[in-house]
Structures are given as structure tokens and as C-alpha cells.
Amino acid sequence: MSIRRITLHQLRVFDALARHRSVSRAAAELHLTSSAVSIQCRKLADSLGHPLYEMAGKELQLTSAGKVLSRSCQDVLDRLEQTALELDDLHGLVHGSLRLAIVTTAKYFGPRLLGVFSREHPNVEVTLFVGNREQLLERLAANRDDLYILGRPPERSRAAAEPFAENRLIMVTYPDHPLASETDIAPERLDGLSFILREEGSGTRLVAESFFDEYGIIPRMRMELGSNEAVKQSIASGLGVTLLSEMTVQAELAAGTLVRLDVRGFPLSRQWFIAHPRGRRLNPIATAFRQLLFDSATNLNRG
Ligand code: PGA
């Protein structure tokens, strides 16, 4: 085995192959031909004295040696990217892009943090997609963004996700609602009450439904609306009860246009998650934004 003979180019090629589990997709990413990818990987395997992958039918599988090498490739390439960034930093030149996708509810803190980030990294071009959970999961499957913020982690096989802050969900209603002045309300008393909820496909709706299922509550659905703002407006006009993330209603609770229902077991404590597609390395810019999120986590719920 001669590890000295291997080249950085070969590592890049193998890294792409390991991420895509496909010679042709690696070739497309690197603008090479498939045979160039195969040749570089073969040379690498010869230098290391181990086969790196094998085909099981149509599926490309890494061997144990291939898995070891794939981890090393990621370390080496990450370190190089980090070095490039540090060198750029020396000249005040950090540029590149950050593609962030957040669920609608994270609109109450995401853009604010992006503002902070953009001031610290003025040459980074930022794109922000805001949508509901289902839309984010579709984008994640298509590998369209660097980072995703959502209220429950995506499937483990698709994404690496870490919790970074608490997300409290509460029941709210209009001030004259018959239950508004009661305390310690048993969840079962919500059965049959008029509700306005976020749309199917939203994370908020999922939480509401699992709460209803847990207590056998059948809500009388007055409306289902596609934004937190629309839900709040119709509740404030006297239309029913809803479940929302606390951070979306802070202003209305303070102004008294909405009130919190004191339902037993509330607030429901959930977490915010930051996720990125498995198999996609977090670039230094995304790493810096992730760090900012963790650093700001304790202030997120303060509005
Ligand atoms: P939503 O997201 O805006 O889709 O309801 C909140 C969540 O994912 O919990």
C-alpha cells in the first residue's frame, strides 16, 4: 500500500462517488466522464491496496475500506474549505452563498438571525425559502438547500438534525371565549369546541392532531388556514380556539387581543431542529450560520 501516491484529485473524485453512490452522478458533479471517475477510483484502490466499492446489482456499495476512506476524504476536504475561508477572512473577503429553508413558524426568528449573519458576512449571498413542513421535506429530498429549520426532525435516513432551541406550543383564543377565564382546563373539555387550525402538511397541524388523538378530542373545524397570521386574525375576531407556537403570538398576548387558554399539560414543549441533507457536507458558511443559531438559541423565544 502506498498512501503517498494518492492525489487530492483522486480524493475529490472518490468523495463525490461516495456521496452520490453513483459513478455517473459523481462524473456529472465534477464535469468528468464516467470512465475518468472509474479510472481515478481504480488508481486510488490500487495505491491503497483495497477495493473501495462493489456493485450489488445496480447499487454501488462502499466496502469497509471505502467507508474509512470516505470519512477521511470528508475530513481532508472540510479542512481545505475551512483553510480557504480562513485565508479569505484574512483579507475580509468571505464570500459564497447560503441557502436556507425554514418552516413558516420559524419566520418569527429566522429572518432576524439572517440579518445578523448578513451583517457579519456582507459578501455572502443568502437565499431564504419559507414554506410549511411538507414543502421543506420535498426540498430536502431534492437536496436544494444547505440548511433547514423545522419543528421536528426529518427521517433520519434523509437528514442529520440537531435540536437547538425550545419551541413551546400553546392554546389561544379570543378574550371573551367562555373558557378564557378558567384555569387548569382538562383537555377533554376541548372536545367539540370550534377550532381554526393551520393547514394539513404544516408541523403545527401535526402537533395539534397528535394532541387531539391522545385525548380523543374531536374538534369542530371552522377553518383551516395556510398561515399563522391568518389563523391569529380569525381567532381574534371571535372564531374559536387554536394551537400555535408561542413565539407567533407574543405581540397579541401582550396587547390582549388574544389570550392563552390554561389547558392542563400546556405549553407543549417541542424543539426547533436545524437539519442538512445526509451526504451533503456542511460548508463553512453553513457551519457559521449553524453556530450563530446555537449562540442565539436562548434568546429566540423572547421575540
Ligand atoms: P409549520 O412548522 O410552520 O409547518 O407549522 C412548524 C413545525 O414544523 O413545527
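Counting convention: from 1, in listed order, for ligands and their atoms alike.
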Dump the pairs for me: ligand 1 N or O, protein N or O, distance under 3.5 Å, to 0.1 Å.
from, atom 1, to, atom 2, distance (Å)
ligand 1, 3 (O), T104, N, 3.3
ligand 1, 3 (O), T104, OG1, 3.3
ligand 1, 3 (O), T105, N, 3.0
ligand 1, 3 (O), T105, OG1, 2.9
ligand 1, 3 (O), R198, NH1, 3.3
ligand 1, 3 (O), R198, NH2, 3.3
ligand 1, 4 (O), R133, N, 3.2
ligand 1, 4 (O), G203, N, 2.9
ligand 1, 5 (O), R198, NH1, 3.3
ligand 1, 5 (O), G203, N, 3.1
ligand 1, 5 (O), T204, N, 2.8
ligand 1, 5 (O), T204, OG1, 2.6
ligand 1, 8 (O), G151, N, 3.0

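E29 and R25 are not joined by a salt bridge, as no carboxylate oxygen comes within less than 4.0 angstrom of a charged side-chain nitrogen.
With F129 as the aromatic partner, R144 does not meet the cation-pi criteria of under 6.0 angstrom to the ring centre and within 45 degrees of the ring axis.
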For residues 65-74, tabulate all N or O donor-acceptor pairs below 3.5 Å that involve a side-chain atom, not counting sequence neighbours.
from, atom 1, to, atom 2, distance (Å)
S72, OG, V68, O, 3.4

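Between the side chain of T104 and the backbone N or O of G131, at least one donor-acceptor pair lies under 3.5 Å.
With sequence neighbours excluded, the residues satisfying side-chain hydrogen bond (donor to acceptor under 3.5 Å, both in side chains) with E229 are Y108, K232. In terms of the side chain to side chain contact (heavy atoms under 4.5 Å, CB included) criterion, residue partners of A288 (sequence neighbours excluded) are, by chain and number, F117, H121.
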